[in-house]
Amino acid sequence: MQPLKYLAGYSSDIQDQVQSLIDQDKLGQFLLKRHPEIHAIRTDKALYDYTIDIKNQYLRKSQPLSKVIFDDKISLSHQALGLHSYVARKQGAKLKAKNEIRISSRLKKVPEGLLRMVVVHELAHLKEKDHNKSFYQLCCHMDGDYHQLEFELRLLLTLIDAGKNPYS
(Lines give C-alpha, C1' and ligand atoms only; values in the text may rest on other atoms or scores of the structure.)
Protein backbone atom coordinates (compact mmCIF):
# COMPACT_ATOMS: atom_id res chain seq x y z
CA MET A 1 0.00 0.00 0.00
CA GLN A 2 1.54 3.30 -1.13
CA PRO A 3 1.15 6.44 1.00
CA LEU A 4 -1.46 8.79 -0.47
CA LYS A 5 0.54 12.01 -0.15
CA TYR A 6 -1.99 14.17 -2.04
CA LEU A 7 -4.76 12.98 0.27
CA ALA A 8 -2.89 13.29 3.57
CA GLY A 9 -5.33 15.92 4.87
CA TYR A 10 -8.36 13.70 4.32
CA SER A 11 -9.86 11.24 6.80
CA SER A 12 -8.59 7.68 6.99
CA ASP A 13 -12.01 6.49 5.74
CA ILE A 14 -11.61 8.52 2.54
CA GLN A 15 -8.03 7.35 2.12
CA ASP A 16 -9.13 3.72 2.60
CA GLN A 17 -11.84 4.12 -0.05
CA VAL A 18 -9.36 5.64 -2.50
CA GLN A 19 -6.80 2.91 -1.77
CA SER A 20 -9.47 0.30 -2.41
CA LEU A 21 -10.26 1.87 -5.81
CA ILE A 22 -6.54 1.88 -6.62
CA ASP A 23 -6.14 -1.76 -5.57
CA GLN A 24 -9.12 -2.75 -7.74
CA ASP A 25 -7.73 -0.63 -10.62
CA LYS A 26 -10.99 1.39 -10.69
CA LEU A 27 -9.83 4.90 -9.77
CA GLY A 28 -9.04 5.78 -13.39
CA GLN A 29 -12.49 4.57 -14.46
CA PHE A 30 -14.07 6.74 -11.77
CA LEU A 31 -12.25 9.84 -13.04
CA LEU A 32 -13.03 9.08 -16.69
CA LYS A 33 -16.71 8.68 -15.83
CA ARG A 34 -16.73 12.07 -14.04
CA HIS A 35 -14.54 13.81 -16.64
CA PRO A 36 -14.51 11.90 -19.94
CA GLU A 37 -12.55 14.45 -22.01
CA ILE A 38 -9.54 16.71 -21.65
CA HIS A 39 -9.77 20.43 -22.43
CA ALA A 40 -8.62 21.97 -25.71
CA ILE A 41 -6.55 24.81 -24.21
CA ARG A 42 -3.00 24.24 -25.49
CA THR A 43 -1.42 27.68 -25.94
CA ASP A 44 -0.52 30.46 -23.54
CA LYS A 45 -2.83 32.81 -25.48
CA ALA A 46 -5.78 30.42 -25.08
CA LEU A 47 -4.98 30.04 -21.37
CA TYR A 48 -4.79 33.81 -20.97
CA ASP A 49 -8.17 34.30 -22.70
CA TYR A 50 -9.73 31.51 -20.61
CA THR A 51 -8.41 33.04 -17.37
CA ILE A 52 -9.45 36.58 -18.30
CA ASP A 53 -13.00 35.37 -19.06
CA ILE A 54 -13.27 33.93 -15.54
CA LYS A 55 -11.63 37.02 -14.02
CA ASN A 56 -14.01 39.37 -15.84
CA GLN A 57 -16.99 37.36 -14.68
CA TYR A 58 -16.08 37.33 -10.97
CA LEU A 59 -13.20 39.74 -10.28
CA ARG A 60 -13.75 42.59 -12.70
CA LYS A 61 -12.49 45.24 -10.27
CA SER A 62 -9.40 43.33 -9.14
CA GLN A 63 -5.88 44.14 -10.23
CA PRO A 64 -5.11 43.43 -13.90
CA LEU A 65 -3.16 40.39 -15.03
CA SER A 66 -0.13 41.02 -17.20
CA LYS A 67 0.70 37.40 -17.96
CA VAL A 68 -0.94 33.98 -17.80
CA ILE A 69 1.15 31.10 -19.14
CA PHE A 70 1.75 27.38 -18.98
CA ASP A 71 5.09 26.86 -17.28
CA ASP A 72 7.27 23.75 -17.71
CA LYS A 73 9.28 24.66 -14.62
CA ILE A 74 6.43 24.27 -12.13
CA SER A 75 6.62 20.82 -10.62
CA LEU A 76 4.95 19.01 -7.81
CA SER A 77 8.18 19.24 -5.82
CA HIS A 78 7.06 22.83 -5.18
CA GLN A 79 3.70 21.42 -4.01
CA ALA A 80 2.03 23.58 -6.63
CA LEU A 81 0.29 23.29 -9.96
CA GLY A 82 -0.06 27.01 -10.35
CA LEU A 83 1.70 30.08 -9.07
CA HIS A 84 0.48 33.61 -8.64
CA SER A 85 3.19 36.22 -8.42
CA TYR A 86 3.11 39.92 -7.78
CA VAL A 87 6.17 41.41 -9.45
CA ALA A 88 7.19 44.96 -8.54
CA ARG A 89 9.85 46.66 -10.63
CA LYS A 90 11.32 50.08 -10.21
CA GLN A 91 11.54 52.08 -13.40
CA GLY A 92 13.17 55.40 -12.69
CA ALA A 93 11.13 57.11 -9.99
CA LYS A 94 8.06 54.92 -10.65
CA LEU A 95 7.18 51.55 -9.22
CA LYS A 96 5.52 49.24 -11.76
CA ALA A 97 3.59 46.26 -10.45
CA LYS A 98 2.43 43.24 -12.41
CA ASN A 99 0.35 40.22 -11.49
CA GLU A 100 1.26 36.98 -13.23
CA ILE A 101 -0.25 33.52 -13.14
CA ARG A 102 1.75 30.49 -14.15
CA ILE A 103 0.03 27.13 -14.55
CA SER A 104 1.94 23.87 -14.67
CA SER A 105 2.30 22.48 -18.18
CA ARG A 106 1.22 19.16 -16.66
CA LEU A 107 -2.31 20.59 -16.76
CA LYS A 108 -2.39 20.83 -20.56
CA LYS A 109 -3.91 17.36 -20.74
CA VAL A 110 -6.47 17.23 -17.96
CA PRO A 111 -10.24 17.74 -17.97
CA GLU A 112 -11.44 21.34 -18.18
CA GLY A 113 -12.94 21.30 -14.69
CA LEU A 114 -9.60 20.44 -13.11
CA LEU A 115 -7.81 23.20 -15.04
CA ARG A 116 -10.57 25.63 -14.07
CA MET A 117 -10.14 24.74 -10.40
CA VAL A 118 -6.43 25.68 -10.52
CA VAL A 119 -7.14 28.88 -12.48
CA VAL A 120 -9.85 29.86 -9.98
CA HIS A 121 -7.43 29.15 -7.12
CA GLU A 122 -4.76 31.40 -8.60
CA LEU A 123 -7.27 34.14 -9.46
CA ALA A 124 -8.52 34.13 -5.86
CA HIS A 125 -5.00 35.15 -4.83
CA LEU A 126 -5.59 38.50 -6.54
CA LYS A 127 -7.94 39.37 -3.66
CA GLU A 128 -6.80 37.03 -0.86
CA LYS A 129 -3.09 36.31 -0.49
CA ASP A 130 -3.46 33.64 2.21
CA HIS A 131 -5.33 30.34 2.19
CA ASN A 132 -7.91 31.44 4.73
CA LYS A 133 -11.69 31.18 5.04
CA SER A 134 -12.27 34.22 2.80
CA PHE A 135 -9.97 32.74 0.16
CA TYR A 136 -11.90 29.46 -0.02
CA GLN A 137 -15.25 31.28 0.03
CA LEU A 138 -14.10 33.26 -3.00
CA CYS A 139 -12.97 30.05 -4.75
CA CYS A 140 -16.39 28.48 -4.09
CA HIS A 141 -18.11 31.64 -5.35
CA MET A 142 -16.21 31.40 -8.65
CA ASP A 143 -16.75 27.63 -8.92
CA GLY A 144 -19.41 25.95 -6.80
CA ASP A 145 -17.69 22.55 -7.24
CA TYR A 146 -14.30 23.90 -6.18
CA HIS A 147 -13.72 21.46 -3.29
CA GLN A 148 -14.92 18.42 -5.27
CA LEU A 149 -12.70 19.37 -8.20
CA GLU A 150 -9.73 19.86 -5.89
CA PHE A 151 -10.32 16.39 -4.47
CA GLU A 152 -10.58 14.89 -7.97
CA LEU A 153 -7.37 16.62 -9.03
CA ARG A 154 -5.69 15.06 -6.00
CA LEU A 155 -7.04 11.67 -7.12
CA LEU A 156 -5.60 12.23 -10.60
CA LEU A 157 -2.20 13.23 -9.18
CA THR A 158 -2.23 10.07 -7.07
CA LEU A 159 -2.82 8.00 -10.20
CA ILE A 160 -0.16 9.86 -12.17
CA ASP A 161 2.37 9.15 -9.41
CA ALA A 162 1.43 5.47 -9.69
CA GLY A 163 2.11 5.64 -13.45
CA LYS A 164 -1.56 5.21 -14.37
CA ASN A 165 -2.70 8.48 -15.97
CA PRO A 166 -6.11 7.76 -17.56
CA TYR A 167 -5.75 10.83 -19.81
CA SER A 168 -2.45 9.99 -21.47
Side-chain angles (χ1 to χ4, degrees), residues 5-10 14 30-32 34-91 94-161 165-168:
K5 66 182 178 184
Y6 300 109
L7 302 171
Y10 291 86
I14 297 286
F30 168 78
L31 287 171
L32 285 169
R34 294 269 301 143
H35 307 280
E37 297 178 6
I38 61 174
H39 65 79
I41 300 166
R42 297 286 178 266
T43 66
D44 291 342
K45 170 87 170 95
L47 180 63
Y48 179 85
D49 292 343
Y50 178 79
T51 303
I52 292 300
D53 285 346
I54 297 170
K55 179 186 178 300
N56 287 342
Q57 186 175 359
Y58 296 102
L59 300 170
R60 187 177 305 270
K61 294 181 181 178
S62 66
Q63 303 165 0
L65 287 171
S66 63
K67 184 187 289 187
V68 180
I69 61 169
F70 284 112
D71 191 336
D72 293 331
K73 295 176 185 161
I74 297 176
S75 70
L76 294 176
S77 61
H78 295 102
Q79 291 297 315
L81 288 170
L83 296 172
H84 167 261
S85 57
Y86 176 79
V87 181
R89 293 184 180 95
K90 191 172 181 180
Q91 292 181 338
K94 293 182 180 179
L95 188 64
K96 299 268 186 177
K98 292 183 177 184
N99 284 290
E100 299 178 355
I101 292 178
R102 296 171 182 271
I103 303 293
S104 172
S105 293
R106 294 180 71 174
L107 297 179
K108 280 186 176 181
K109 294 184 179 177
V110 300
E112 188 271 336
L114 303 183
L115 174 67
R116 180 181 172 89
M117 187 277 307
V118 174
V119 168
V120 161
H121 182 99
E122 298 309 324
L123 282 172
H125 282 301
L126 291 174
K127 286 226 178 241
E128 295 289 336
K129 301 302 180 204
D130 297 321
H131 294 122
N132 54 28
K133 186 176 180 178
S134 297
F135 173 85
Y136 287 107
Q137 285 175 338
L138 181 56
C139 288
C140 289
H141 172 71
M142 288 190 280
D143 192 328
D145 287 336
Y146 176 82
H147 291 295
Q148 180 65 37
L149 292 169
E150 179 184 15
F151 177 70
E152 290 169 359
L153 181 58
R154 291 173 181 276
L155 294 178
L156 177 58
L157 294 173
T158 299
L159 273 179
I160 290 171
D161 272 7
N165 185 347
Y167 299 104
S168 61

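Not measured: the values here are computed from a predicted model.
- In this structure, Leu156 and His35 have side chains that are not in contact, with every pair of non-hydrogen atoms separated by 4.5 Å or more.
- Using a 4.5 Å heavy-atom cutoff, the side chains of Tyr167 and Leu31 are in contact.
- Looking at every heavy atom in both residues, Thr43 comes nearest to Phe70 through O-CE1, 3.8 Å.
- Distance alone, capped at 3.5 Å, places no donor-acceptor pair between the Asn99 side chain and the Leu65 backbone.
- Among residue pairs with one or both ends in residues 135-147, those qualifying as side chain to side chain donor-acceptor pair (under 3.5 Å) are Arg116-Asp143, His121-Tyr146; sequence neighbours excluded.
- Sorted by first then second residue, the salt bridge (charged side-chain N to carboxylate O under 4.0 Å, His left out) pairs that include residues 51-67, not counting sequence neighbours, number zero.
- With sequence neighbours left out, Asn132 forms a side chain to side chain contact (heavy atoms under 4.5 Å, CB included) with Glu128, Asp130, Ser134, Phe135.
- Taking Lys45 as the reference, Asp49 meet the salt bridge (charged side-chain N to carboxylate O under 4.0 Å, His left out) condition, with sequence neighbours excluded.
- Comment: Lys98 does not engage Glu100 in a salt bridge, judged by the lack of any side-chain N to carboxylate O separation of less than 4.0 angstrom.
- The side-chain heavy atoms of Leu59 and Ile54, taken from C-beta on, include no pair separated by under 4.5 Å.
- Formation of a donor-acceptor pair under 3.5 Å by the Arg154 side chain with backbone atoms of Tyr6 is found in this model.
- For the ring-ring contact (aromatic ring centres under 6.0 Å, His included) test, no residue two or more places apart in sequence or in another chain qualifies with Tyr48.
- Residues meeting the salt bridge (charged side-chain N to carboxylate O under 4.0 Å, His left out) test with Arg42, sequence neighbours left out: none.
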